[in-house]
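Heads up: the structure comes next, in structure tokens.
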Protein chains: 2
Amino acid sequence: MDEKNVSLEKVREEFVTQWGVMGAQWGINRTMAQIHALLMTAPEVLSTDEVMGSLEISRGNAHTNLKDLVAWGLVRIVTKKGERKEFFEAEKDVWEIFRRVARERKRREIDPALETLRHCKEQTAEMKTPEARAFHEQMVQLEDFVSFGSKMGDRVATLPHGKAMKLAMKIFS
Amino acid sequence: MDEKNVSLEKVREEFVTQWGVMGAQWGINRTMAQIHALLMTAPEVLSTDEVMGSLEISRGNAHTNLKDLVAWGLVRIVTKKGERKEFFEAEKDVWEIFRRVARERKRREIDPALETLRHCKEQTAEMKTPEARAFHEQMVQLEDFVSFGSKMGDRVATLPHGKAMKLAMKIFS
DNA sequence: ATTTGCTTTCTGTAACTACTGAAAGTTCAC
DNA sequence: GTGAACTTTCAGTAGTTACAGAAAGCAAAT
């Protein structure tokens, strides 16, 4: 590896580290975010052993997080002819990454939250005390807002990149 | 407390619990989210002791998280005439809550992330190897996307509730 | 200047999450 | 079948975060 690529690797490491920090702040396992960053900036597909080596993590850890990334739809498994090993490749298109994260978080977190809000709303629908009315109203507000946001997310996530951009322009007009 | 309010309290507890779970998934301290839920659904302002009592948490914990909520702009300190104690009151308007969370997360997390992306982009701007070009290009994509999202957030967050709704309608058209 | 009522900070601990290293499982080759 | 290459699971441990309880700090009232 020549001089130039040594410094590239340094920058890349910085990126991987920071992507990990960011992930952690958003409730995502730091290692998972780091593997994602590593794969996003990898010129070729990587094997589990290569990921282990790069990040200096154990096989178990690498394996679990790689499979989680696959479950999130952010990483694909790739096999090479004549090799039994699995290789991993990340989705690199930012818009596609965004869509998949949005879809997955909606499914895992937003939808269950909406369930709770609906339940709390319904349970208090018939209550007559001022406190209960206020509580009910607050639940209505929250549910409307969250379900609205959720629908927006759906809508945006089904848009292809180009259309999303046009729409964005409209918003700024 | 009569029969009806007993069941209201049960529903409210469910809400508080679930809001806590949701917060945790989004990288927010569970207790902080619970206090927020409690205050959002409180008919009156609450004192530290009342929060402690409701959630069965220690004074230190209640205090720290209340002050964090104030720092996030989600809770206000209120004083009553003739009382030395501080009371707390949550912002209840969902749109306002959203705006404040958006603004704060941008400041705390998005802006630093953008800094890193810019740095990685700049550091690799002059490199000529194909790997470096690809890395640089990926950084450009990411930075464009994040900074675009960030600006959108700014824009949306400055809109009053009504205008935001109109805009949303436009998107669905 | 002491007491009282309240807020803030701090230290040790408990609870939780993430991780390692190894064992067990699978699949294919021979 | 046995072995080799690789994947998956798991139990114990390390590391991290959140928390209780107590001590310290502060300001007003007396």
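Throughout, a chain's letter reflects where its sequence line sits, starting with A, and its residues are numbered from 1.
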Note to self: Can you work out whether B:Arg59 or A:Lys67 has the more 5'-proximal nearest nucleotide on DNA chain D?
What the structure shows: A:Lys67
Notebook entry, point to check: Once you round it to whole Å, what is the distance between P of C:dT27 and NZ of A:Lys85?
Noted result: 19 Å
Note to self: Going by ring pair (Phe, Tyr, Trp, His ring centres under 6.0 Å), name the pairs with one or both residues in residues 82-109 of chain A, residues two or more places apart or in two chains.
What the structure shows: A:Trp95-A:Phe98, A:Trp95-A:His161, A:Phe98-B:Phe145
Note to self: Measure CD1/A:Ile35 against C1'/C:dA18 and give the value in whole Å, please.
What the structure shows: 12 Å
Next item on the list: Identify whether the distance between the nearest side-chain nitrogen and carboxylate oxygen of A:Lys67 and A:Glu86 falls below 4.0 Å.
Entry: yes
Notebook entry, point to check: Is there a donor-acceptor contact under 3.5 Å from the side chain of B:Asn65 to the main chain of B:Asn61?
Noted result: yes
Margin query: Can you measure B:Asp49 atom CG to C:dG5 atom P for me and round it to whole angstrom units?
Written below: 12 Å
Next item on the list: Figure out the NE2/P separation between B:His63 and C:dT7, and round it to whole Å.
Entry: 8 Å
Notebook entry, point to check: Does A:Thr124 reach the main-chain N or O of A:Met127 with its side chain, forming a donor-acceptor pair under 3.5 Å?
Noted result: no
Next item on the list: Kindly point out which of C:dT20, C:dA18, C:dT7 is positioned nearest to the side chain of A:Ser58?
Entry: C:dT20
Next item on the list: Specify the separation, in whole Å, of atom CG of B:Leu66 and atom P of C:dT9.
Entry: 14 Å
Notebook entry, point to check: For C:dT20, does OP1 or OP2 lie under 4.0 Å from any side-chain N or O of A:Asn61?
Noted result: yes
Margin query: What is the separation between atom CG on A:Asn65 and atom C1' on C:dT17, rounded to the nearest whole Å?
Written below: 12 Å
Note to self: Could you check whether any side-chain N or O of A:Thr158 sits under 3.5 Å from a backbone N or O of A:Arg155, counting only pairs where one atom can act as donor and the other as acceptor?
What the structure shows: yes
Check: Earliest and latest nucleotide of DNA chain D, 5' to 3', sitting under 4.0 Å from a non-hydrogen atom of chain B?
Finding: D:dA18 to D:dA27
Next item on the list: Using the closest heavy atom to pick a nucleotide of DNA chain C for each, name whichever of A:Met32 or B:Gly60 lands nearer the 5' end.
Entry: B:Gly60
Note to self: If I take atom CD1 in residue A:Ile57 and atom C1' in nucleotide C:dA22, what distance separates them, rounded to the nearest angstrom?
What the structure shows: 17 Å
Notebook entry, point to check: Between C:dA18 atom P and A:Met52 atom CE, what is the distance in whole Å?
Noted result: 19 Å
Note to self: I'd like to know if the side chain of A:Glu143 and the backbone of A:Leu114 have a donor-acceptor N/O pair within less than 3.5 Å.
What the structure shows: no
Next item on the list: Measure from the side-chain N and O atoms of B:Gln123 to the backbone N and O of B:Cys120, and report whether any donor-acceptor pair falls under 3.5 Å.
Entry: no
